[in-house]
Amino acid sequence: MFARTVLTLAFATLATAAGAQEKVLNLYSARHYQTDEALYSNFTKLTGIKINRIEGKEDELMERIRNEGANSPADLLITVDAARLAKAHDLGLFAPVNSSVLNVRIPAHLRTEDWFAFSTRARVIIFNKLSVKRDQVRTYDDLAAPALKGKVCSRSGSHPYNLSLLASIIANQGEAHAEAWARGVVANFARQPKGGDTDQIKAVAAGECQVATANTYYIARMMRSDKPEDRKAIEQIGVVWPNQGTTGTHINVSGAGLLKNAPHREAAVKFLEYLASDDAQRYFADGNNEWPVVEGLKIANPALDTLGSFKADKLPVKDLAQYQAKAQMIYDRAGYK
Ligand SMILES: [Fe+2]
């Protein structure tokens, strides 16, 4: 399967040389959501531009783009998490894009000069309704309070979702506070960090631990699941929008950027602008249970409706990116493995 994709790409590169300049787009993607298929095929239907997609882990893709250098067939990198997008920026992989469409459609705090967020997800607190009261977990700071000793479970501190959460705490409350917070959370662990967000949700529902953080789309996915046990697990948990009285709930993004050596620049910018269109924005919401970045867009997703509205932290995605390394150092010092 992978080999075939590579062959297709090689062919596409030849086709470019032969002059089929803007009818193909080579997309390197670290977003692995089945529902994205429709997002891509709709673009081809609208523009006639065929998308060749190489999927991989973000680090592998970035390494590959670096190795390919000036000869890289890659036009765009699409991935999740501000930290990863910032890494691609730091490696000098992206080229600036000045598009009035993107500047108008995407709020300023959700774009940089060379990469753009197209959907957002919130990192919320979940708790076991039988053993924890909502008032005990109103803020991220509450996760470090002694009252939750032995109750908190978590995925790894090295995971970008948790790095970005801590980066937001550094940006909002300072480094010393962030370190005290990380140490407080570690002191409250019910078990060593393991598994993904869905595992934390299931552990909280089963009472193996009582409190955790999770990205909203994992919760929405379980709400909409065909499996009765998933929906039953959701009934056991409460969901809190943290920091509503202060900075707002931490959000992260999925996004994309134009690559420096893109052979199909025009098609690539067209695709970025397409991702900000009403149609594409609805795919993010309906398909992967994320929120559109375009403001005021009506979406139809019963799970997101159930979760309701909240005040989001408006910290620029650039700032989130800036504190990643510091966040990792703090987690390491705190023993948040
Ligand atoms: Fe995820």
Novice: Can you check whether Leu39's main-chain N or O pairs, donor with acceptor, with Tyr274's side chain at less than 3.5 Å?
Specialist: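 Pair found, side chain donor or acceptor close to backbone of Leu39.
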Novice: For Gly92, does its backbone N or O pair with a side-chain atom of Lys260 as donor and acceptor, under 3.5 Å?
Specialist: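 Looks like yes, one N/O pair under 3.5 Å.
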Novice: Taking the side chain as every heavy atom from C-beta outward, state whether Tyr161 and Thr213 have any atom pair closer than 4.5 Å.
Specialist: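 With C-beta onward as the side chain, the pair stays apart.
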Novice: Is it true that atom NZ of Lys194 has more than 12 heavy atoms of other residues, nucleotides or ligands lying nearer than 6.0 Å?
Specialist: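 Atom NZ in Lys194 is not packed in, count stays at 12 or less.
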Novice: Spell out, as yes or no, whether a donor-acceptor pair under 3.5 Å connects the side chain of Asp75 to the backbone of Leu25.
Specialist: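 Not a single qualifying donor-acceptor pair exists.
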Novice: Taking Asp59 as the fixed residue, which of Lys87, Arg84, Arg64 is the one that meets the side-chain hydrogen bond (donor to acceptor under 3.5 Å, both in side chains) rule?
Specialist: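 Only match with Asp59 under side-chain hydrogen bond (donor to acceptor under 3.5 Å, both in side chains): Lys87.
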Novice: As an exercise, state the distance from NE2 of His250 to OG1 of Thr120, rounded to the nearest 0.5 Å.
Specialist: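 His250 NE2 to Thr120 OG1: 11.0 Å, rounded to 0.5 Å.
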Novice: Give a yes or no answer on whether the side chain of Trp181 reaches the backbone of Tyr140 with a donor-acceptor pair at less than 3.5 Å.
Specialist: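 Indeed, once roles are kept as given, a pair shorter than 3.5 Å links the two residues.
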Novice: After noting the C-alpha distance and the side-chain angles of Val269 and Val101, does the key distance pass the side chain to side chain contact (heavy atoms under 4.5 Å, CB included) rule?
Specialist: CA-CA 10 Å; Val269 173; Val101 173; over 6 Å; no
Novice: If you measure from CD on Gln328 to CG on Leu163, what distance do you get to the nearest 0.5 Å?
Specialist: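 Atom-to-atom, Gln328:CD and Leu163:CG are 5.0 Å apart.
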Novice: Evaluate side chain to side chain contact (heavy atoms under 4.5 Å, CB included) for Lys202 paired with Asp230, printing each intermediate quantity in order.
Specialist: CA-CA 8 Å; Lys202 287 179 177 169; Asp230 285 346; 3.9 Å; yes
Novice: Using a strict 4.0 Å threshold on nitrogen-to-oxygen distance, state whether Glu179 and Arg183 make a salt bridge.
Specialist: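 Salt bridge present between Glu179 and Arg183.
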Novice: In the hydrophobic clustering (ILVMFWY, side-chain contacts below 4.5 Å, transitive), which residues join Leu315, or is it alone?
Specialist: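 Hydrophobic cluster check, Leu315: joined to Leu320.
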Novice: Could you go through Phe271 and Leu27, starting from their C-alpha distance and side-chain angles, then the distance that decides it, and tell me whether this counts as side chain to side chain contact (heavy atoms under 4.5 Å, CB included)?
Specialist: CA-CA 10 Å; Phe271 184 74; Leu27 181 63; 4.3 Å; yes
Novice: In the structure I gave you, are the side-chain heavy atoms of His177 and Asp141 within less than 4.5 Å of one another anywhere?
Specialist: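 His177 reaches Asp141 side chain to side chain.
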Novice: Is there a side-chain contact between Arg31 and Asn288, using heavy atoms and a 4.5 Å cut-off?
Specialist: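 They are in contact (side-chain heavy atoms under 4.5 Å apart), so the answer is yes.
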Novice: Side-chain contact test, heavy atoms from C-beta onward, threshold under 4.5 Å: evaluate it for Ile251 versus Phe310 and give yes or no.
Specialist: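 They are in contact (side-chain heavy atoms under 4.5 Å apart), so the answer is yes.
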Novice: Give a yes or no on whether Lys326 atom NZ has more than 12 heavy-atom contacts from other residues, nucleotides or ligands under 6.0 Å away.
Specialist: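 Open: at most 12 neighbouring heavy atoms sit under 6.0 Å from NZ of Lys326.
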Novice: Would you mind telling me which of Thr249, Thr216, Asp313, Asn162 makes a side-chain hydrogen bond (donor to acceptor under 3.5 Å, both in side chains) with Arg123?
Specialist: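 Only one of Thr249, Thr216, Asp313, Asn162 forms a side-chain hydrogen bond (donor to acceptor under 3.5 Å, both in side chains) with Arg123, namely Asn162.
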Novice: Quick one: does Asp114's side chain have a donor or acceptor within less than 3.5 Å of a partner on Gly257's backbone?
Specialist: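 Not a single qualifying donor-acceptor pair exists.
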Novice: What are the two closest non-hydrogen atoms of Ser254 and Val80, and how far apart are they?
Specialist: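 Scanning both residues completely, I find the closest heavy atoms to be CB-CG1, 3.6 Å.
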Novice: With a 3.5 Å distance limit and no angle check, can you tell me whether Asn128 reaches the backbone of Val204 through a side-chain donor-acceptor pair?
Specialist: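 Answer holds: yes.
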Novice: So does Asn103 get a backbone contact from the side chain of Arg111, meaning a donor-acceptor N/O pair under 3.5 Å?
Specialist: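 At least one qualifying donor-acceptor pair exists.
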Novice: Show your reasoning for whether salt bridge (charged side-chain N to carboxylate O under 4.0 Å, His left out) applies to Glu63 and Lys57.
Specialist: CA-CA 10 Å; Glu63 193 52 35; Lys57 284 190 183 294; over 6 Å; no
Novice: Any chain of hydrophobic side-chain contacts (each under 4.5 Å) joining Val124 to Ile237?
Specialist: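 Looking at the clustering, Ile237 is in the same group as Val124.
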Novice: Output yes when a side-chain donor or acceptor of Asp278 lies under 3.5 Å from a complementary backbone atom of Leu297, and no otherwise.
Specialist: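 Between the backbone of Leu297 and the side chain of Asp278 there is no qualifying donor-acceptor contact (under 3.5 Å).
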Novice: Counting C-beta onward and ignoring hydrogens, is there a side-chain heavy-atom pair between Trp115 and Val253 closer than 4.5 Å?
Specialist: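 Result yes, sub-4.5 Å side-chain heavy-atom pair found.
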Novice: May I ask you to decide if Phe118's main-chain N or O and Gln281's side chain share a donor-acceptor pair within less than 3.5 Å?
Specialist: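 A pair under 3.5 Å: yes.
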Novice: One thing to verify: whether Asp142 and Arg134 come together as a salt bridge, which I'm taking to mean a side-chain N less than 4.0 angstrom from a carboxylate O.
Specialist: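 Salt bridge absent between Arg134 and Asp142.
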Novice: Just how far is it from atom CZ of Arg282 to atom NZ of Lys298, taken to the nearest 0.5 Å?
Specialist: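 Nearest 0.5 Å value for the CZ-NZ distance: 10.0 Å.
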Novice: Does Leu143 belong to the same Ile/Leu/Val/Met/Phe/Trp/Tyr cluster as Tyr336, with side-chain heavy atoms less than 4.5 Å apart forming each link?
Specialist: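 Yes; tracing contacts between hydrophobic side chains, which count when under 4.5 Å, links both residues.
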Novice: Decide whether Ile169 and Val211 are clustered together by the hydrophobic rule: side chain heavy atoms of Ile, Leu, Val, Met, Phe, Trp, Tyr closer than 4.5 Å, transitively.
Specialist: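 The answer is yes; both residues are in one hydrophobic cluster.
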Novice: Strictly distance-based, threshold 3.5 Å: is any side-chain N or O of Asp197 a donor or acceptor partner for the main-chain N or O of Tyr218?
Specialist: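 Not confirmed, Asp197 side chain does not pair with Tyr218 backbone.
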Novice: A side-chain contact here means heavy atoms from C-beta on lying under 4.5 Å apart; do Asp36 and Tyr283 qualify?
Specialist: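 With C-beta onward as the side chain, the pair stays apart.
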